[in-house]
Amino acid sequence: MDIEIQPVTQPKPRIEDESKLVFGRQFTDRMFVMEYDAGRGWHSARIQPYAPFTLDPAALVFHYAQEIFEGLKAFRRQDGSIALFRPKDNIRRFNQSASRLCMPPVDEEFFFEAIRKLIRLEADWVPHSEGTSLYIRPTMIATEAVLGVKPSEKYLCYIILCPVGAYYKGGFKPVRIWISDQFVRSAPGGTGEVKCGGNYAASLLAAKEAATKGFDQVLWLDAVERRYVEEVGSMNICFLYDGKIVTSPLHGTILNGVTRRSILQLGAEMGYTVEERAMSVDELLDGAESGRLAEAFGTGTAAVVSPVGQLTYRDRTVTIGDGQMGPLTMKLYKALTGIQYGHEPDTHNWIEML
Ligand SMILES: *Cc1c(COP(=O)(O)O)cnc(C)c1O
């Protein structure tokens, strides 16, 4: 399938001061779009000016939430070149999400080329300062206009881009976490490992309650026993416990993060034992008090790593280590961002140059 390139007639105003870039608020001039019809497959692939869609109010996405997305980044290097971090992992996961929600897969090679073509056209939107990046958001929505719970026969797949500022502008600020014993994010057999908007809609109330109580994020426990740690906010979570890196196993209720996978590999190469095992909330809180739990951090594309300073469960609050970002968290952050920005060699073939 060819990609039609449409001209941009009205370029958007730019934010020249890269320190003023706010995540997810400004988008580039162009977007990639393609359409799907049952019987015809994907068609009408194009890179067009960024613009609103016109959709029928009955479009299935509005009623039954048949929607998936991805999130990955492109990084500007000192020599001006642009690097993508493990984009094929994101595209593969996009198709896995699609399959779970009865949506059509994209051709992975074609989609990778679509991302590259789009970013090549938008290359001057990739910011230059250290720590900045271009965030890439592939999305698929069900567009058939019919009220009826069934897989749509029509879809829209698109990719939008936003330049983002450095996540840790003001230094690393460890987050305060509220462990929810009331709400769960996902249950066995559900959509916890699918990157879909529906999971996020269901998480908002817990996040709002946590914010009201003065916390930054929610830590989710498993739905069955309400005992085992799953994820934190929209990140996977890792612990340094008894000198080992411990994280929740991939058993269908947590997202299979690209950052999680990369951090575990880097940790193992640094000589740490990596354990993918269930960690109970008691083990976690007792560990923080006894010192067996030395560090905790979330992992995800947006922040890379996000150090956890404090945990609260019911009426018990514990501080992890000295409440600051731990040395392993820092070392992993430097190792991963070093590969992304090209300060360190890419020995794992994680980088795809534009
Ligand atoms: C996207 C996401 C993550 C992190 O995945 P990365 O591939 O590392 O960005 C973790 N948890 C949830 C719920 C997510 O949606």
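Indexing begins at 1, ligand by ligand and atom by atom, following the structure's order.
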* Among Gln265, Glu276, Glu231, the one residue meeting side-chain hydrogen bond (donor to acceptor under 3.5 Å, both in side chains) with Arg260 -> Glu276

* NZ/Lys173: more than 12 non-hydrogen atoms of other groups inside 6.0 Å -> no

* Asked: What heavy-atom pair brings Ile254 and Ser248 nearest, and what distance separates the two atoms?
  -> CD1-O, 3.8 Å

* Checking Arg176 against Phe215: charged group under 6.0 Å from the ring centre and within 45 degrees of the axis? -> yes

* Asked: Mind checking whether Tyr168 and Tyr333 have side chains closer than 4.5 Å, heavy atoms only?
  -> yes

* **Ring centre gap for Phe23 and Tyr135 strictly below 6.0 Å** => yes

Show the short N or O contacts, below 3.5 Å, that ligand 1 makes with protein N or O atoms; if there are none, say 'none'.
unit_1   : atom_1 : unit_2 : atom_2 : d
ligand 1 : 7 (O)  : Arg93  : NH1    : 2.9
ligand 1 : 7 (O)  : Arg93  : NH2    : 3.1
ligand 1 : 7 (O)  : Val258 : N      : 2.8
ligand 1 : 8 (O)  : Val258 : N      : 3.3
ligand 1 : 8 (O)  : Thr259 : N      : 2.9
ligand 1 : 8 (O)  : Thr259 : OG1    : 2.6
ligand 1 : 9 (O)  : Thr301 : N      : 3.0
ligand 1 : 9 (O)  : Thr301 : OG1    : 2.6
ligand 1 : 11 (N) : Glu231 : OE1    : 2.5
ligand 1 : 11 (N) : Ser234 : O      : 3.4
ligand 1 : 15 (O) : Lys195 : NZ     : 2.7
ligand 1 : 15 (O) : Tyr200 : OH     : 2.5

